[in-house]
Peer 1: 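Dropping a structure here in structure tokens format, bear with me for questions.
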Amino acid sequence: MPEDRLFQVGDRDGFLDCLKGLAIITVVAGHTFQGATPDFDEYWPFRMIYAFHMPMFMFISGMTASFFYQRQIAAGSNVSVLRDDLSKKAQRLVVPFLAWAIVSYFLTPGGDFVAHMTKVIAFPDNGLWFLLALFQCSIAVTVATWLIMVFRRCAPQDQALSWGNPWTQAGALIIATFLVNLVSRCIPNGLGLYLARVHFPYFVAGLVYQIALSRGLPAVLCPLPYLIFLALVPFWHRTNVSSIVAYLPVSWGHPRSINSIYVMIVAAAGTLAFVDLAGSIYRRLPIFLERPFLFLGQRSLDIYAIHFHVLGTWPPIIAPILYSLAVSTALRLNSWTAMIFFGQRQSLLSQRRHSDFLLREVKPSQSAEAQ
């Protein structure tokens, strides 16, 4: 396998799909390990994965979104482009969030429907919180991108920056998202904004990473995330303050504040190590294994939405993923269910007919050129 496979332009999306495929496996594994024992916070497989898997998934979402925002910053697009993109993201994320909340109500015996929906909307961690948090993060980055466009138009021409430079784009995003984050602190924590605020730094980090470091970390820094993560994760706890933080002097500050910094360091180190490890796997992945991982990545949000309902199936991890893919495929056969549950306007059948049509259009032109 060629060493530069990861960095070929045509393979860039392929790597991200493979990365999302590996990431969704960790998400299913984390939820499986959580249900494996009542004392999950002392179960090391749970702690190893849960310490970083959702921040990592948000980081990868930022990597995926970076291509769109990078194009808009470089081209100085107008507001309508950003508005249309945000509308598509609402369809892709908010509609499935509400649809699966309704499904969870009918799968749970008893209860009041209005009370259930009110609870899920007010506290999204009772449902598919990641979808709503990702949409809220997208709103913030869209506003930040609009600020960059305004700055481009107002900046004096003799001080114009090279907006096609990735480092300029990444620096502008860091400054603009920091300002948006500061202003957002004035907004109350309703509608799950507390979850978006926690995960927004990882989303922005994914954007910046993909724009400025598309080839990954410099070789000299690659071992560092592994070392930090492996050194700190044994002391990580989901429900308690880290045992390291608990022994720190009181004069250092409030344990909860210090613990939040510790948690971010562990999550960031685990995320960077996982992305680097995924790159190594992708470069060496045989073709017959590459396609399944790409498919998992393309259906990662489908699996995230469905796997909660089949977590108890055997064999663990594998069966929930396979059942989720089966349900996903069935729902995607119809354009309405594809739209409602996954935010996709086209069904699998219409996509296949479209592909067949394109093939029929291409083949005659190719044969004419050959003649």
Peer 1: Should Val327 and Leu107 be regarded as members of a common hydrophobic cluster, given that ILVMFWY residues are connected when their side-chain heavy atoms come within less than 4.5 Å of each other, either directly or indirectly?
Peer 2: yes
Peer 1: Do Leu193 and Met54 share a hydrophobic cluster, counting only Ile, Leu, Val, Met, Phe, Trp and Tyr and linking them when any side-chain heavy atoms are less than 4.5 Å apart?
Peer 2: no
Peer 1: Kindly give the heavy-atom pair with the smallest separation between Leu22 and Ile281, and that separation in Å.
Peer 2: CD1-CD1, 4.5 Å
Peer 1: Are Asp39 and Thr37 close enough that a side-chain donor and a side-chain acceptor fall under 3.5 Å?
Peer 2: no
Peer 1: If you count heavy atoms of other groups shown closer than 6.0 angstrom to CZ of Phe308, is the number above 12?
Peer 2: yes
Peer 1: What orientation do His31 and His53 show, parallel under 30°, tilted 30 to 60°, or perpendicular over 60°?
Peer 2: perpendicular
Peer 1: Parallel, tilted or perpendicular: which one describes the rings of Tyr105 and Phe113, with boundaries at 30° and 60°?
Peer 2: perpendicular
Peer 1: Between Phe59, Phe130, Trp129, which is the residue that forms a ring pair (Phe, Tyr, Trp, His ring centres under 6.0 Å) with His199?
Peer 2: Trp129
Peer 1: Stepwise, does the side chain to side chain contact (heavy atoms under 4.5 Å, CB included) test hold for Leu325 with Asp302?
Peer 2: CA-CA 7 Å; Leu325 289 174; Asp302 298 33; over 6 Å; no
Peer 1: Tell me the closest heavy-atom pair linking Val28 and Thr32, and the distance in Å.
Peer 2: O-OG1, 2.7 Å
Peer 1: Salt-bridged, Asp85 to Lys89, with N to O below 4.0 Å?
Peer 2: yes
Peer 1: Decide side chain to side chain contact (heavy atoms under 4.5 Å, CB included) for Tyr69 and Ile148; before the verdict, give the C-alpha distance in whole Å, the side-chain angles of both, and the deciding distance to 0.1 Å.
Peer 2: CA-CA 11 Å; Tyr69 293 111; Ile148 294 171; over 6 Å; no
Peer 1: Which heavy-atom pair separates Val95 from Ile340 by the least distance, and what is that distance?
Peer 2: CG1-O, 3.5 Å
Peer 1: What about Ile49 and Leu230, same hydrophobic cluster or not, with Ile/Leu/Val/Met/Phe/Trp/Tyr joined at side-chain heavy-atom distances under 4.5 Å?
Peer 2: yes
Peer 1: With a 4.5 Å cut-off on side-chain heavy-atom distances among I, L, V, M, F, W and Y, is there a chain of contacts connecting Phe15 to Leu217?
Peer 2: yes
Peer 1: Classify the angle between the aromatic ring planes of Phe342 and Trp100 as parallel (below 30°), tilted (30 to 60°) or perpendicular (above 60°).
Peer 2: tilted
Peer 1: Report the residues that fulfil side chain to side chain donor-acceptor pair (under 3.5 Å) with Asp125, sequence neighbours left out, ordered by chain and then residue number.
Peer 2: Tyr194
Peer 1: Return yes when atom CD1 of Ile318 has more than 12 non-hydrogen atoms of other residues, nucleotides or ligands closer than 6.0 Å, and no otherwise.
Peer 2: no
Peer 1: Can you say whether the rings of Trp236 and Phe46 are parallel (under 30°), tilted (30 to 60°) or perpendicular (over 60°)?
Peer 2: tilted
Peer 1: Applying side chain to side chain contact (heavy atoms under 4.5 Å, CB included), run through His116 and Phe106 and close with a yes or a no.
Peer 2: CA-CA 10 Å; His116 168 80; Phe106 286 105; over 6 Å; no
